[in-house]
Amino acid sequence: MIQSIRVWLLVAVLVLAVACIGLGFLHPFFWWLELLFVPLAVIGIRDYFQTHHSILRNYPLAGRLRFLLEDMGPELHQYLVEDNTDGRPFDRDTRSLMYERAKNVGDKKPFGTEHDVYAMGYTWMAHSIAPRPMIEDAQHNMRITIGGSQCRAPYESSVLNISAMSFGALGGAAVQAMNKGAAAGGFAHDTGEGGISKYHRMHGGDLIWQIGTGYFGCRSADGEFDPELFTKNATSDQVKMIEIKVSQGAKPGHGGILPGAKVTEEIAEARLVPPGQDVFSPTYHKAFSTPLEMTAFIAQLRELSGGKPVGFKICIGDPREFMAIVKAMIESDTYADFIVVDGGEGGTGAAPLEFSDSLGMPLLEGLMLVQNVLVGAGIRDRFKIGASGKMVSASAIAQSMALGADWCNTARGFMFAVGCIQSQRCHTNKCPVGVTTQDAKLQRALVVPDKAERVANFHKNTVHALAEMVAAMGLDHTSELQPHQVYRRVNENLVQTFDEMYLFFADRALVEGSATERFQHMWDQSSAQSFRPNVAV
């Protein structure tokens with residue numbers, strides 16, 4: 001209903017403006033009304049054809065009510081952007097920060113922080129009275145190398161990249177804007193599990209190709225992994241890394257179904273499935289069923305891709321399952337090049353509410369678990385760790401890096417950069433700003449060149465802020481961040497650093513049997529032969 005009448009106000013104004021011309025010959029009062037309707041008609045036509053504001057482009061005139069409420073002050077603006085999933089307002093400072101950085105607007109704010117610095121959970125970084133010079137052109141120079149000793153084609157990655165979002169979940173215009181922005185800014189774009197679409201290829205931005213349980217883009221007719229089709233995509237120069245999706249934070253252990261009505265010709269082409277038919281993503285991988293089979297799959301993908309970095313994305317559930325993967329890598333002497341830790345606080349329109357709220361380890365705890373297990377197993381130096389989970393600010397990125405992450409991914413920040421207003425209609429195909437819809441009429445709101453520039457701006461300004469913060473802390477690179485440099489108010493009378501709050505393992509503590517009793521017991525229960533722990537141990 002709303003889609004069909006989205007320009008109703010402009011149409012009504014145009015009709016009234018024309019009608020008043022005729023009626024003006026009957027009574028002069030109607031000529032006075034033209035003073036109202038003609039300017040409104042001009043404004044509405046301008047809204048419809050301008051390229052900078054998605055809401056106004058899809059909802060000319062009517063969309064101005066939203067901006068009017070924003071201009072009326074923080075209280076109304078906060079109500080306007082209320083996060084209806086749990087009734088709590090979205091952090092207004094954070095939302096404004098995302099928009100301002102995308103629009104290349106200064107992020108300086110008068111009157112200091114609006115956070116309650118004495119509230120439980122308030123977190124801050126330790127600055128230095130001997131700061132370092134900031135890295136010049138941090139967007140292009142603050143990078144890390146991903147690829148271990150078994151990788152023949154390592155990737156020089158930015159410390160901030162676009163997190164996994166599939167074509168299908170996003171519309172073609174949003175995918176284009178993100179990839180074009182990634183190409184301009186020199187960072188990577190994770191495809192999500194929906195395959196590599198033509199929209200991913202149009203602008204040549206670096207891709208991290210995610211392989212999920214549906215093997216979209218590399219599947220046979222019966223849904224099995226197809227090595228030849230994988231090789232065809234993986235050897236493309238645009239594909240820089242391969243990421244196996246073991247689980248994701250928003251819906252760990254949950255598969256999915258894309259109804260046939262949503263499987264358009266374009267989606268079918270990217271996923272290698274029949275158009276118009278239901279498409280299933282199983283809850284588990286068919287290419288492997290044990291940790292050792294998983295490491296063999298990693299080796300196979302690395303070989304088929306020409307030696308490119310291969311890793312996996314995981315939301316931590318039972319720590320013993322991750323320990324089993326680590327044991328399998330050690331036993332087979334086959335290692336992933338990277339591990340992306342996904343926090344349970346992530347979000348997607350395809351996630352059941354109970355999964356979003358109650359399954360999956362939060363990011364910081366997941367990071368600590370992965371970091372400790374790799375250190376305790378004596379193999380931390382073989383991997384790069386990525387972190388994803390509701391991070392949009394430099395301070396949030398720095399906190400994750402202090403706990404072991406080498407780089408971070410964000411989906412939310414780049415969604416806001418392409419125009420997301422958090423209308424929470426992602427799953428309905430009725431996104432009012434054209435980000436998460438396949439409806440061409442609604443996608444009209446998202447003008448690719450304009451939003452691509454905002455994607456690049458968001459990356460540039462966020463990485464610049466991260467470089468500024470690191471320099472202010474007396475460091476030369478994000479790799480130097482340590483847990484003792486992050487402080488958190490635990491309660492009204494207690495402040496602790498991350499190294500006081502969290503347990504850190506000594507090198508090889510797990511393999512030498514010197515870890516804490518709880519984790520040592522879990523390590524002993526895990527096995528390279530099975531994801532299921534041996535509870536008899």
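Hydrogens, waters and symmetry mates play no part in the numbers below; they use all other heavy atoms, side chains included.
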Any side-chain heavy-atom pair of [X] and [Y] under 4.5 Å:
X: P309; Y: I242; value: no
X: N409; Y: I162; value: no
X: L466; Y: L160; value: no
X: F338; Y: I385; value: no
X: Y335; Y: I379; value: yes
X: L207; Y: I196; value: yes
X: R488; Y: F498; value: yes
X: T437; Y: V435; value: no

List the residues meeting side chain to side chain donor-acceptor pair (under 3.5 Å) with [X], not counting sequence neighbours, and say none if there are none.
X: Y199; result: E266
X: T516; result: none
X: S128; result: none
X: Q371; result: R380

Exercise. Is the count of non-hydrogen atoms from other residues, nucleotides or ligands lying under 6.0 Å from M501 atom CE greater than 12?
Worked result: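 Yes - once you tally the heavy atoms of other residues, nucleotides and ligands closer than 6.0 Å, there are more than 12.
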
Problem set entry | Crowding at OH, Y487 (>12 non-hydrogen neighbours, <6.0 Å) |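 Atom OH in Y487 is not crowded, with 12 or fewer foreign heavy atoms closer than 6.0 Å.
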
For this session: Show your reasoning for whether side chain to side chain contact (heavy atoms under 4.5 Å, CB included) applies to R382 and S149.
Result: CA-CA 8 Å; R382 291 179 174 271; S149 60; 4.0 Å; yes

Exercise. Would R489 count as a cation-pi partner of Y122, with NZ or CZ less than 6.0 Å from the six-membered ring centre and within 45° of the ring normal?
Worked result: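 No, R489 does not lie over the aromatic ring of Y122.
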
Exercise. Can a cation-pi geometry be assigned to K308 and W209, taking NZ or CZ under 6.0 Å from the six-membered ring centre and within 45° of the ring axis?
Worked result: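 Verdict for W209: no cation-pi partner in K308.
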
Problem set entry | Steps toward side chain to side chain donor-acceptor pair (under 3.5 Å) verdict (N372, Y502) | CA-CA 10 Å; N372 269 333; Y502 294 100; over 6 Å; no

Rounded to the nearest 0.5 Å, what separation is found between the [atom1] atom of [X] and the [atom2] atom of [Y]?
X: T295; Y: D333; atom1: OG1; atom2: CG; answer: 10.0 Å
X: C420; Y: R412; atom1: SG; atom2: CZ; answer: 8.5 Å
X: L475; Y: M125; atom1: CG; atom2: CE; answer: 8.5 Å
X: S388; Y: W407; atom1: OG; atom2: CH2; answer: 9.5 Å
X: H200; Y: T191; atom1: NE2; atom2: OG1; answer: 5.5 Å
X: F312; Y: F322; atom1: CZ; atom2: CZ; answer: 5.0 Å

Under the rule for side-chain contact (heavy atoms from CB on, under 4.5 Å), what residues qualify as partners of [X], not counting sequence neighbours?
X: A396; result: M391, S393
X: D190; result: A164, I208, Q210, E243
X: E321; result: D318
X: N491; result: N493, L494

Problem set entry | Pairs satisfying ring-ring contact (aromatic ring centres under 6.0 Å, His included), at least one member in residues 369-398, at least two apart | none

Please check this pair: side chain of [X] against backbone of [Y], looking for a donor-acceptor N/O pair closer than 3.5 Å.
X: S247; Y: C315; answer: yes
X: K240; Y: A153; answer: no
X: S527; Y: Q525; answer: no
X: Q139; Y: H459; answer: no

Nearest non-hydrogen partners of [X] and [Y], listed with the distance:
X: V455; Y: A177; answer: CG2-O, 3.9 Å
X: A411; Y: S163; answer: N-CB, 3.5 Å
X: A324; Y: S530; answer: CB-O, 3.7 Å
X: F458; Y: G413; answer: CZ-CA, 3.7 Å
X: L367; Y: A387; answer: CD1-CB, 4.0 Å
X: S305; Y: F230; answer: N-CE2, 4.1 Å

For this session: Only counting residues at least two apart or in another chain, list the ones meeting salt bridge (charged side-chain N to carboxylate O under 4.0 Å, His left out) with R143.
Result: none

Problem set entry | Under the salt bridge (charged side-chain N to carboxylate O under 4.0 Å, His left out) test, residues paired with E303 that sit two or more places apart | R152

Please tabulate, for the side chains in residues 507-515, all donor-acceptor contacts under 3.5 angstrom to protein atoms that are two or more places apart in sequence or on a different chain.
{"unit_1": "S514", "atom_1": "OG", "unit_2": "A509", "atom_2": "O", "d": "3.4"}

For this session: Step by step, work out the side chain to side chain contact (heavy atoms under 4.5 Å, CB included) result for E224 and R219.
Result: CA-CA 5 Å; E224 301 290 332; R219 60 184 271 141; over 6 Å; no

For this session: Evaluate the criterion side chain to side chain contact (heavy atoms under 4.5 Å, CB included) for residue pair M323 and M522; output intermediate values, then yes/no.
Result: CA-CA 8 Å; M323 291 175 177; M522 287 193 286; 3.9 Å; yes

Exercise. Is it the case that H521 and E517 place a side-chain donor and acceptor less than 3.5 Å from each other?
Worked result: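 No.
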
Problem set entry | Pair H189, N179: side-chain N/O donor-acceptor within cut-off below 3.5 Å | yes

Problem set entry | Check ion pair K313-D342 (N to O, under 4.0 angstrom) | yes

For this session: In sequence, state the C-alpha distance, the side-chain angles, and the governing distance for M473 and L481, and then conclude on side chain to side chain contact (heavy atoms under 4.5 Å, CB included).
Result: CA-CA 9 Å; M473 296 171 69; L481 286 162; 3.6 Å; yes

Exercise. After noting the C-alpha distance and the side-chain angles of R302 and D337, does the key distance pass the salt bridge (charged side-chain N to carboxylate O under 4.0 Å, His left out) rule?
Worked result: CA-CA 10 Å; R302 188 186 286 126; D337 296 291; 3.1 Å; yes

For this session: Measure from the ring center of F187 to the ring center of F414 and say whether it is less than 6.0 Å.
Result: yes

For this session: Can you spot which of V486, L364, V341, D406 makes a side-chain contact (heavy atoms from CB on, under 4.5 Å) with S400?
Result: L364

For this session: Check each of E193, K286, H285 against Y215 using the side-chain hydrogen bond (donor to acceptor under 3.5 Å, both in side chains) test, and report the only one that passes.
Result: H285

